[in-house]
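For ligands, and for the atoms within them, numbers begin at 1 and follow the listed sequence. Quick caveat, the model's predicted, so the values are computed rather than measured. For this chain, numbers begin at 1 and follow the sequence in order.
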Amino acid sequence: MKANKIITTLSKTIDVKRLKLIGVFTILSIIGTGNLVAQTVWLDQLDLSAATQGFGSPRKNKSVDGRTITIAGKAFDRGFGTHSESSLLIQLDGKATSFTAQVGIDDEIKGHEPAVEFIVYGDKQMLWSSGIMRLGDTPKLCSVLLTGIKRLELVVTDGGNGNYYDHADWADAKFQTTGVTSFPTVSLVPSEPYILTPVPSSKPRINGTGVFGVRPGSPFQFLIAATGDRPMNFSAKNLPPGLKLDSRTGLITGKLSSPGTAVVTLTAKNAKGKAEKKLRIVCGDRIALTPPMGWNSWNCFAGEVSADKVKRAADAMVKSGLINHGWTYINIDDFWQNHRNSKDQTLRGKFRDENGNIVPNSRFNNMKSLADYVHRLGLKIGLYSSPGPWTCGGCAGSYGYEKQDAETYAQWGFDYLKYDWCSYGNVAEEILKNNPSKVSSLSYQGGDNLSVAIKPYKLMGNYLLQQPRDIVFSLCQYGMSDVWKWGDSVNGNCWRTTNDITDTWTSVKSIALAQDKAAAWAKPGNWNDPDMLVVGTVGWGNPHPSKLKPDEQYLHFSLWCLFSAPLLLGCDMEKLDAFTLNLLTNDEVIDVNQDPLGKQATCLQTIGDLRIYVKELEDGSHAVGFCNFGIEKINVSYKDFEKLGIAGRQKVRDLWRQKDITTLNTKTDQLNIAVPVHGVLLYKFTSPK
Ligand code: GLA
């Protein structure tokens, strides 16, 4: 018997019979006369930071919440606690003989019917799978032989429930080795930031949307976003009566009294040159004719938001120059209202005044003056509520006060409302009357019943429509009851299609893969919302640089543009680093998002892990994202243009690099494509004139 085999058999026997031969750390046995020393290497001895997981950081010897790992009542001292979905790559190079672990869902997770599947891959072949496991299932023994395996991947899937926040444990996880005392873990995506967007010219360029919708009688506010040296002088030909332009700032304000369309020629001039762009102003019943672009407080400040932080975010939007690329909304998320039971006194106070008007908490105080401040900068402002009695964070919601709240938002001068289902599932008046604090904040109850799902949004949608200003209505109910099919009927402008995003590859990937089903419903004024951008410094009150690698961020941003998704930054605007700023200021990439045709890209072809997304643009051209969702670099000589609906002679432009790369004949030519791991090539195909 060869030494390797002896070790394998021996170590398997040791694990299966669970003999307590293993010391706290290593060293097992010396085999025969050679000097091969079999070792036990515990999974928790490896560098687990290379793991990608649905949320938060991997835990050593603890559950996700930092408790003793416990599966179905059984406690374990050692192991790896991780959020599904999760993946850890380990470079074994043939030096491991076996892997064993006890796997299962940690007892600490509650609600949402957790489900996961543990899978072990060796050199891309599935070696073992737990099958779907649920909360309360007794731990399963995972035992695999690894002789000859070079690279091992430990995967936890979402178990088919679409959640990436279930708590999974690889407990008691360890390797038997041929003598080595550790293994490197592998991060496949380089972490060094690299810049793609060229520096904008000092000559003027007018950026942002080419079409703008407004309702008759609503206050009009549109800023001509332009890059180039200042001072700049703006003018507009054919501006309809009722509107006026500030030639110094480029801000168009006023009011249109009757429906109709005007095509205005905008001009921006500076010492270096002049730029022109057509703007279609459509006065009618539809707004948000291109996806809203801006910032939202949740992903960076969460429950720590304040008026001061919001003002500083607005200032930074201007100072950073993002405003010149079309970034517009400054949206306050949860926690501007008072909280039902927070220990933080700044959040405690009356929910409503004696007339039932909502009262902002002491960190906000005067919402009207905050809105004025943001408007003076040429930006717009949004806020957040829930149709339930409480928001997801436990602050006062709009239940029973919908009309009054819509009126208040309009009086304060707000332009955007995110309306989050949260506690609406618990709307049971008796419970509320008897014990409001017992009502949980987040409930999906009723969301799968179409008429229940629609009701609260219809109510608020109608009240918003009655206000004397345009308020973008953003539905947040995580895609329940196929919201994309009815969101328009309740005056919704955008709607979340999926659960909350986090700054991890698994989260971005699973959200991205869930968008196609809703694509057909995207159109001017109606946008599928895959949630906010997790770039820059994010962290839900615990700020850190996004855990997405640079290539993942290029892919994330490109996909959100292809999806015609609302582009809402979730980062600390005062901590924009050069990479993030460069990522967010590529006007040719943003143009894909803001294209007036308003189509959403779908994946038209898959070649292995390469997914090819195509978005039709108004001028007849196509934006194409060659997206690598796999763990190997992809090199392809591409020739299936027909499958993408692209025919004839085509000019191909690399949008990130803002460079024409070739002109080809789709019948006869091939295009060489090299896409980095978790990366993208974003090209525009145009028929040359
Ligand atoms: C939900 C939403 C988030 C955020 C929080 C606020 O989780 O999906 O985007 O608004 O509530 O509590």
Side-chain angles (χ1 to χ4, degrees), residues 54-56 83 110-112 162-165 292 294-306 309-310 313 329-342 344 347 360-361 363-364 382-399 414 416-426 439-445 447 453 456-457 460 472-480 483 487 492 494-504 507-508 510-511 514 527-535 538-542 560 565-571:
F55 196 84
H83 261 123
K110 310 237 155 41
H112 310 328
N163 290 345
Y164 41 85
Y165 39 70
W295 174 85
N296 170 294
S297 60
W298 184 249
N299 288 356
C300 68
F301 298 130
E304 305 292 316
V305 68
S306 66
K309 286 179 173 147
V310 172
Y329 288 93
I330 299 292
N331 292 348
I332 311 163
D333 207 273
D334 207 350
F335 285 87
W336 62 267
Q337 320 88 325
N338 276 309
H339 197 273
R340 64 179 180 207
N341 56 11
S342 171
D344 182 340
L347 296 172
N361 65 44
R363 297 177 191 167
F364 280 88
L383 46 44
Y384 165 101
S385 187
S386 169
W390 308 109
T391 65
C392 290
C395 297
S398 293
Y399 181 67
F414 276 75
Y416 192 112
L417 172 68
K418 172 174 168 184
Y419 207 43
D420 196 345
W421 177 268
C422 303
S423 66
Y424 188 81
N426 285 319
V439 179
S440 96
S441 291
L442 183 65
S443 158
Y444 296 83
Q445 224 169 286
Y457 288 99
M460 184 52 100
V472 172
F473 190 29
S474 159
L475 281 51
C476 177
Q477 44 83 291
Y478 341 111
M480 295 186 296
V483 59
C494 36
W495 38 77
R496 282 270 299 279
T497 48
T498 28
N499 265 314
D500 290 18
I501 199 166
T502 63
D503 58 323
T504 61
S507 167
V508 170
S510 67
I511 287 180
W527 310 110
N528 291 307
D529 177 4
D531 207 359
M532 295 170 278
L533 294 161
V534 275
V535 301
V538 291
W540 300 267
N542 172 23
W560 266 232
L567 297 180
L568 291 171
L569 300 168
C571 58

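In terms of the ring pair (Phe, Tyr, Trp, His ring centres under 6.0 Å) criterion, residue partners of Tyr329 (sequence neighbours excluded) are, by chain and number, Tyr416. Applying the salt bridge (charged side-chain N to carboxylate O under 4.0 Å, His left out) rule to Asp334 yields no partners; only residues at least two apart in sequence or on another chain are considered.
Each of the atoms 2 (C), 8 (O) of ligand 1 lies under 4.0 Å from some heavy atom of Cys476. Within ligand 1, counting atoms from 1 as listed, the ones closer than 4.0 Å to a heavy atom of Tyr478 are 8 (O). Close approach to Lys418 involves these atoms of ligand 1, each under 4.0 Å from a residue heavy atom: 3 (C), 4 (C), 9 (O), 10 (O). Heavy-atom contacts of Gly393 reach the following atoms of ligand 1: 12 (O) (cutoff under 4.0 Å).
No heavy atom of Phe335 sits closer than 4.0 Å to any atom of ligand 1. In this structure, Asp333 has a heavy atom closer than 4.0 Å to ligand 1.
Taking 4.5 Å as the limit, some side-chain heavy atom of Val305 sits within range of a side-chain heavy atom of Val310.
Relative ring orientation between Phe473 and Tyr457 is described as tilted, the plane-to-plane angle lying within the 30° to 60° band. Aromatic ring pairs are classed by plane angle as parallel below 30°, tilted from 30° to 60° and perpendicular above 60°; the pair Trp298 and Phe335 is parallel.
In this structure, Asp529 does not pair ionically with Lys418, as no charged nitrogen and carboxylate oxygen lie closer than 4.0 Å.
Trp336 and Asn361 form no side-chain donor-acceptor contact under 3.5 Å, judged by distance and modelled atom types alone.
Neither the backbone nor the side chain of Asn499 has a heavy atom within less than 4.0 Å of ligand 1.
Note: an N/O pair closer than 3.5 Å links Arg496 and ligand 1 by distance alone.
Residue nearest to atom 12 (O) of ligand 1, selected from Asp334, Asp531, Asp529, Ile501: Asp334 (by heavy-atom distance).
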